[in-house]
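Per chain, numbering begins at 1; letters A, B, ... match sequence-line order. Note: hydrogens, waters and symmetry copies are ignored here, and every other heavy atom, side chains too, is used.
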Protein chains: 2
Amino acid sequence: MQHVTIKEIAKALNLSFSTVSRSLNDNYQISEKTKTLVRDYASSVNYIPNLAAKTLKTGISNSIAVVVPFLSSPFFVDFFEEITMLFSKTDYNVILLQTFNNPIKECEALDVAIQNRVAAIIISPVHDDSNCSKLAYIQKQVCPVVLFDRTNHRLETHKIGVRHEREIAIAAKQLLKQGCKNILLLCCKGIGANDARIAGIRSAFLGKQEPDYSWAVVEIEYNHPNEDLKKQLLRPLKEQKEGLCYDGIIATTDTLTTKVLPLLLTDEGMLADCAQVIGFSNTAYARILNPTWTVFTQPSRQMAIKCYETILELINYRRLQINPAYNTVFLDVIPG
Amino acid sequence: MQHVTIKEIAKALNLSFSTVSRSLNDNYQISEKTKTLVRDYASSVNYIPNLAAKTLKTGISNSIAVVVPFLSSPFFVDFFEEITMLFSKTDYNVILLQTFNNPIKECEALDVAIQNRVAAIIISPVHDDSNCSKLAYIQKQVCPVVLFDRTNHRLETHKIGVRHEREIAIAAKQLLKQGCKNILLLCCKGIGANDARIAGIRSAFLGKQEPDYSWAVVEIEYNHPNEDLKKQLLRPLKEQKEGLCYDGIIATTDTLTTKVLPLLLTDEGMLADCAQVIGFSNTAYARILNPTWTVFTQPSRQMAIKCYETILELINYRRLQINPAYNTVFLDVIPG
DNA sequence: CTGAAAGCGCTTACAG
DNA sequence: CTGAAAGCGCTTACAG
């Protein structure tokens, strides 16, 4: 099929195609009159630029890769929705890539990003050192990389996240204040942030001695969020201290809050009936599930905004060949 | 930055770059020996093809555009997840575009698809005749288009959906059998399928006379699913027949089932306490929200599989310049 | 089975 | 302010 090209516009307007190209790119050298002429004609013939040609010539496409574990978590859906809206006001468009928490798929996703000559990568990596050398290579040789959410990754770059230790400490202290004595911390298995989270609950229990007080951590594996979580959850719980009944629970992720927790609560024996719950979640369902729960919301949209700003800055720096000084920005969880 | 190119591989192996290109594309003309040589060397130097060059040359990229209203609905997340997995086993990768049920954004999304010279478009359109001429143009001049979910769209092509009339009739009959007499049908406003859905509930009520039996429809607007739905919902309800108390509810979409319905149930007076509910939803939360609900699941993953197969077929047909005979495939809702 | 050559549609130094 | 020309990295007829 034949699309309208710059060449055809040039011929129709009796201009060189360099001039047409410059006009469409709003080049300062071209007179307003010519620009208007070209733009009006281009839109009248419904000119749609061939991005492949531009990408081939410049070496950089106008795509931004957003690499996330999966979309089954509302946190990532929110983040993606927000960042898509932000970039939709620019010339960039967003390519979404999912890793399903699998380093091999992450590697493939990064290859797709390179193949497409993306202008930048925004990634929530699989774990602390997944595809480290590849990401370092990309950052050095291909395009800027920004990490979000899982900021413990070893790559040195701008990172945008939350202070997991602090947030969990706040949650745990709140439960203790409400009278809880035995607190269960539910984590997703193999996530780098877990160390910080455990440090958080430990710090909240400083000075609270056994046997009056206790806390425990259960790590649940849900690489693909549609797995059967119940068995996983109950096995370690049953192996743990017999007779103990947790009266406070902290669920650290959206999946844990909305899927795992209801399983735990409907099941027999592991929890006090009046167990108090703080769940981290980005879905309105979380509150509906049980109105007495306290829901802490991850600042997904704020993170998207910060990622967006950071990426534009890094792209600009790279164009100007300025080396940025990388730093990590922490945003506050929104307590319920 | 310098990526490895075909030219460099050719030079290193003392071959022409046509041969290298053919080897990498597994061309039948090339000897296995040469192919192996080239492939091994290419992977040893970590060759990553420049898709922009290929796209420019061939006029078609290896991207497939998936255009959906939004991802806040688990139906679309499921669909997208499935179709991404399917295409990840091919050379195609999937570009996700969101319209937020806005025809203008849909138009922009289609422009992005054209700019990227996508190989095909899979779309759940905004409404029955949104961007009709553009889609027809695309189908004729650019690439195959397949419609899913919202199959009432006027474009003539392969369509994959569900029989809304039939599904709602089944749901309504089930409620009637369970003893319901006044059924409320909750629909998303402005969706083409609503006519069929209303026909469905009407057919279920054939022979059931007022004043003993009645049914009503409420259309809720939630273009952007994070809106305040409660007010919208209660206004038309209050204007409706005073004193009437619905004892059966059918929620036709995921958002209605998981967000709107809980609001309705927690609010005073509009519903019998023992109201029976059938909700269409693709999230496990739906059952957790209230174990007594009956949940009908849209066949999102089956639709993805069918779309995937259809698209590959259409791409192939187009390459062979065969004109396909378009048809519509209906998949069954999975009753709870 | 392999090679030489044209060309996809842009951008951008270079020249004027 | 505008134009002529090179070239980005591939694919693919054409030739042998």
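Put simply, CD on A:Gln115 is 20 Å from P on D:dC8, counting in whole angstrom units. One can place CD of A:Glu32 at 9 Å from P of D:dC1, the figure rounded to the nearest angstrom. Protein atom CG of A:Leu56 is 13 Å distant from nucleotide atom C1' of D:dA6, rounded to whole Å. The nearest whole Å value for the distance from the CG atom in A:Leu51 to the P atom in D:dC10 is 19 Å. What separates CG of B:Asn25 from C1' of D:dC10 is a distance of 9 Å, to the nearest Å. The CG atom of B:Leu24 sits 8 Å away from the P atom of D:dT11 (whole-angstrom rounding). When the C1' atom of D:dG9 is taken as reference, atom CZ of A:Arg117 falls 9 Å away, rounded to whole Å. The distance between atom NZ of A:Lys7 and atom C1' of D:dA4, rounded to the nearest whole Å, is 13 Å.
In this structure, D:dT2 forms a base pair with C:dA15, meeting either the Watson-Crick or the G-U wobble geometry with both donor-acceptor distances under 3.5 Å.
One N or O donor and one acceptor, one from the side chain of A:Arg22 and one from the base of D:dG3, sit under 3.5 Å apart. Looking at B:Lys57, its side chain has no donor and acceptor atom pair within 3.5 Å of the base of D:dG9.
Side-chain proximity of B:Ile30 to C:dT12, D:dC10, C:dT2: nearest is C:dT2.
Where A:Lys35 and B:Ile48 each meet DNA chain D at their nearest nucleotide, the meeting point lying more 5' is that of A:Lys35. Remark on DNA chain C: of its neighbouring residues B:Ala53 and A:Lys54, the 5'-side contact belongs to B:Ala53, judged by nearest-heavy-atom nucleotide.
Between B:Tyr326 and B:Gln139, the side chains place a donor N or O and an acceptor N or O closer than 3.5 Å (distance only, hydrogens not considered).
Taking each heavy atom of A:His153 and A:His127 in turn, the nearest pair found is CD2-O, 3.1 Å.
Between B:Thr5 and the phosphate of D:dC8, there is no side-chain N or O to OP1/OP2 separation shorter than 4.0 Å. Proximity of B:Tyr28 to the phosphate of C:dT2: no side-chain N or O atom is located under 4.0 Å from OP1 or OP2. For B:Tyr47 and D:dG9, the shortest distance from a side-chain N or O to OP1 or OP2 is not below 4.0 Å. Residue B:Thr34 has a polar side-chain atom (N or O) positioned under 4.0 Å from OP1 or OP2 of C:dT2. In this model, the phosphate group of D:dC10 is not approached by any side-chain N or O of B:Thr55 to a distance below 4.0 Å at OP1 or OP2. In this model, the phosphate group of C:dC8 is not approached by any side-chain N or O of A:Asn50 to a distance below 4.0 Å at OP1 or OP2.
Across residues 11-19 of chain A, A:Phe17, A:Ser18 each have a non-hydrogen atom less than 4.0 Å from an atom of DNA chain C (numbered order).
In this structure, OG on B:Ser61 lies 6.5 Å from CG on B:Asn116, to the nearest 0.5 angstrom. Taking CZ of B:Phe70 as the reference point, atom CD of B:Gln98 lies at 9.5 Å (rounded to 0.5 Å). Remark: A:Thr19 OG1 to A:Arg22 CZ distance equals 6.5 Å, nearest 0.5 Å.
Heavy atoms of B:Ser31 sit under 4.0 angstrom from primed sugar atoms or phosphate atoms, though from no base atom. Residue A:Ile6 is in sugar-phosphate contact alone, with no base atom involved, counting any heavy-atom pair closer than 4.0 Å across all strands shown.
The aromatic rings of B:Phe148 and B:Phe79 sit parallel to each other, their planes meeting at less than 30°, with 60° as the upper class boundary.
Within 6.0 Å of CG on A:Leu314 lie more than 12 heavy atoms contributed by other residues, nucleotides or ligands. Heavy atoms of other residues, nucleotides or ligands lying less than 6.0 angstrom from CG of B:Asp91 number 12 at most.
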